[in-house]
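All values below were derived from every heavy atom in this structure, side-chain atoms included, with hydrogens, water molecules and symmetry-related copies excluded. These numbers come from a predicted model, not from an experiment. Chain identifiers are assigned alphabetically (A, B, ...) following the order of the sequence lines, protein sequences preceding nucleic acid strands; residue numbering begins at 1 within each chain.
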Protein chains: 2
Amino acid sequence: MLLYDPVMLDATSIVAALDSAGYRVTGPRRRLAELVAGQDGHFTASELATLAKARRLGISRATFFRALDLLAELGVVERIVLPSGEHAYVACARSHHHHIVCSRCGRTAEVADQGLAEAVAAMARDSGYRIQTHWLELFGLCRYCQRRVADEA
Amino acid sequence: MLLYDPVMLDATSIVAALDSAGYRVTGPRRRLAELVAGQDGHFTASELATLAKARRLGISRATFFRALDLLAELGVVERIVLPSGEHAYVACARSHHHHIVCSRCGRTAEVADQGLAEAVAAMARDSGYRIQTHWLELFGLCRYCQRRVADEA
DNA sequence: ATTTTTGCAAACCTTTTGCATGGAA
DNA sequence: TTCCATGCAAAAGGTTTGCAAAAAT
């Protein structure tokens, strides 16, 4: 049993989110939704574009950038920034949360607050800054990769 | 009195860090060190290059990227990633710490742990991931900008 | 019929790299 | 004299944008 499964998002609900927000449901967006639904780690617009090209899905590169931006605005996916500076997206639940990204396979898990909110509040108090947003990213090895790394040794 | 002043780094100690690590002390690196010493918020290689060009310091763009990379390896500055994906650097103290970046003026402050380590440990425990590194960035308004924003209203 | 989306290609930016030259040790 | 560092320019990504054509409502 996995405590923290990657959040799975089905294509239907992605399309529904677009539709109910008044955006048009188009062929490319449907196919893109399926591609996104098939991802279980983080992914970049670029990566999906490459994948789509290989599968001859007929979705242009620009569409990925535009659509993923849109999905991020709608809160369907969350945009994170990798240490390299690339923009990546992960499927996300509605509430505030943070991600752990596996540095080996890219799998992500979400984690609960665990006292972070208080720590951030304390930092705000001490620094005199009025915090607008905070942003915690954890990088590490997921269970599977820990095992694989151990096997290799 | 400011509790958390931006860390000021003087040019001399930057040069000393290079020297003692066995790297050559060159003209461009000296001038770059002064430029870095003059920054009090975060800055990108690109920004410094533009600045240097305006001041006719004769330091090429590539040198900024190479030298700042080096300084980050030496621990003289820390590399952060802005939400836009750009790589930025901030002067930093040696111990583990986190930054608050002012979203209006770019001023940074460093903050103490405040229970973050325990929170991260708890997240590791719950998720089953073996955490390799974590990375907290806070964005908000510094004291000065809070006041200025209030004045404008 | 109207308005949004798309695709294409070009433009943009930041960052990286190859290679010959120049400078530090 | 021996390498390391620099400058230049080109390359390499990733991301954005203008515009005409296509598709959705």
Side-chain angles (χ1 to χ4, degrees), chain A residues 14-36 42-74 76-77 79-89 106, chain B residues 14-36 42-74 76-77 79-89 106:
Chain A
I14 297 177
V15 171
L18 284 168
D19 196 19
S20 69
Y23 293 98
R24 293 187 179 169
V25 175
T26 65
R29 283 179 176 166
R30 282 180 200 284
R31 297 193 293 279
L32 181 146
E34 297 204 354
L35 217 44
V36 168
H42 56 166
F43 50 88
T44 66
S46 228
E47 282 166 13
L48 293 193
T50 302
L51 195 56
K53 191 172 192 178
R55 296 188 189 168
R56 292 172 223 290
L57 296 183
I59 312 170
S60 83
R61 199 176 181 69
T63 293
F64 281 100
F65 285 93
R66 290 190 275 228
L68 288 174
D69 238 35
L70 187 54
L71 291 180
E73 261 175 44
L74 296 180
V76 175
V77 296
R79 177 164 152 169
I80 64 174
V81 180
L82 304 181
S84 67
E86 289 168 296
H87 299 164
Y89 298 84
Chain B
I14 296 176
V15 171
L18 284 168
D19 196 19
S20 69
Y23 293 98
R24 293 188 180 169
V25 175
T26 66
R29 283 178 177 167
R30 280 180 201 285
R31 298 194 291 280
L32 181 147
E34 297 202 356
L35 218 45
V36 169
H42 56 165
F43 50 88
T44 66
S46 227
E47 282 165 13
L48 292 193
T50 302
L51 195 56
K53 191 171 192 178
R55 296 189 189 166
R56 291 172 223 291
L57 296 182
I59 311 172
S60 82
R61 202 175 179 68
T63 293
F64 281 98
F65 285 94
R66 289 190 274 228
L68 287 174
D69 237 36
L70 187 55
L71 290 180
E73 261 176 43
L74 296 179
V76 174
V77 296
R79 177 165 153 170
I80 65 175
V81 180
L82 304 181
S84 67
E86 289 168 296
H87 299 167
Y89 298 85

By nearest heavy atom, map Arg66(A) and Thr44(A) onto DNA chain D; which one lands nearer the 5' end? Thr44(A)
For dT14(C), take OP1 and OP2 only and decide whether either is under 4.0 Å from a side-chain N or O of Ser46(B). yes
Contact between Asp69(B) and Tyr89(B) at the side-chain level, heavy atoms closer than 4.5 Å - yes or no? yes
Hey, does Gly85(B) reach any base, or is it just sugar-phosphate, or nothing, if we go heavy atoms under 4.0 Å? nothing
Separation of Arg79(B) atom CZ from dT14(C) atom P, in whole Å? 15 Å
Nearest whole Å is fine: how far is dG14(D) C1' from Phe43(A) CZ? 16 Å
I'd like to know whether Val36(A) forms a side chain to side chain contact (heavy atoms under 4.5 Å, CB included) with Leu68(A), so could you lay out the CA-CA distance, the side-chain angles of the two residues, the decisive distance to 0.1 Å, and finally the verdict. CA-CA 9 Å; Val36(A) 168; Leu68(A) 288 174; 4.1 Å; yes
Can you identify which nucleotide, out of dC8(D), dT15(C), dC8(C), has its nearest atom closest to the Phe65(B) side chain? dT15(C)
Can a side chain N or O of His87(B) be found less than 4.0 Å away from OP1 or OP2 on dT14(C)? no
Is Leu51(A) close to Phe43(A) at the side-chain level, that is, under 4.5 Å between some pair of heavy atoms? no
Give me the atom names and distance for the closest heavy-atom approach of Ala45(B) to Phe64(B). O-CB, 3.9 Å
Pairwise side-chain contact, Arg29(A) with Leu70(A), heavy-atom cut-off 4.5 Å (strictly under): yes
Can you measure Ile80(A) atom CD1 to dG14(D) atom C1' for me and round it to whole angstrom units? 16 Å
Contact list please: residues 18-31 of chain B against DNA chain C, heavy atoms, distance less than 4.0 Å, in numerical order. Arg24(B), Val25(B)
Between Leu74(B) and Ala21(B), what is the shortest heavy-atom contact and its length? CD2-CB, 3.8 Å
Rounding to 10 degrees, work out the angle separating the end axes of the helix from dA1(C)-dT25(D) to dA25(C)-dT1(D) (five pairs an end). 30°
Residue pair Leu71(B) / Leu32(B), side-chain heavy-atom distance below 4.5 Å: yes
Spacing of Leu68(A) atom CG relative to dT15(D) atom C1', expressed in whole Å: 12 Å
Whole angstroms only, please: what is the OH-C1' distance between Tyr89(A) and dG14(D)? 11 Å
A side-chain contact here means heavy atoms from C-beta on lying under 4.5 Å apart; do Leu57(B) and Glu34(B) qualify? no
Asp69(A) CG to dT6(C) P: how many Å, rounded? 13 Å
Between Arg61(A) and Thr50(A), do the side chains contain an N or O donor and an N or O acceptor separated by less than 3.5 Å? no
Spacing between Leu32(A) atom CG and dG7(C) atom C1', to the nearest angstrom: 14 Å
Without decimals, in angstroms, what is the distance between Glu86(A) CD and dC13(C) C1'? 15 Å
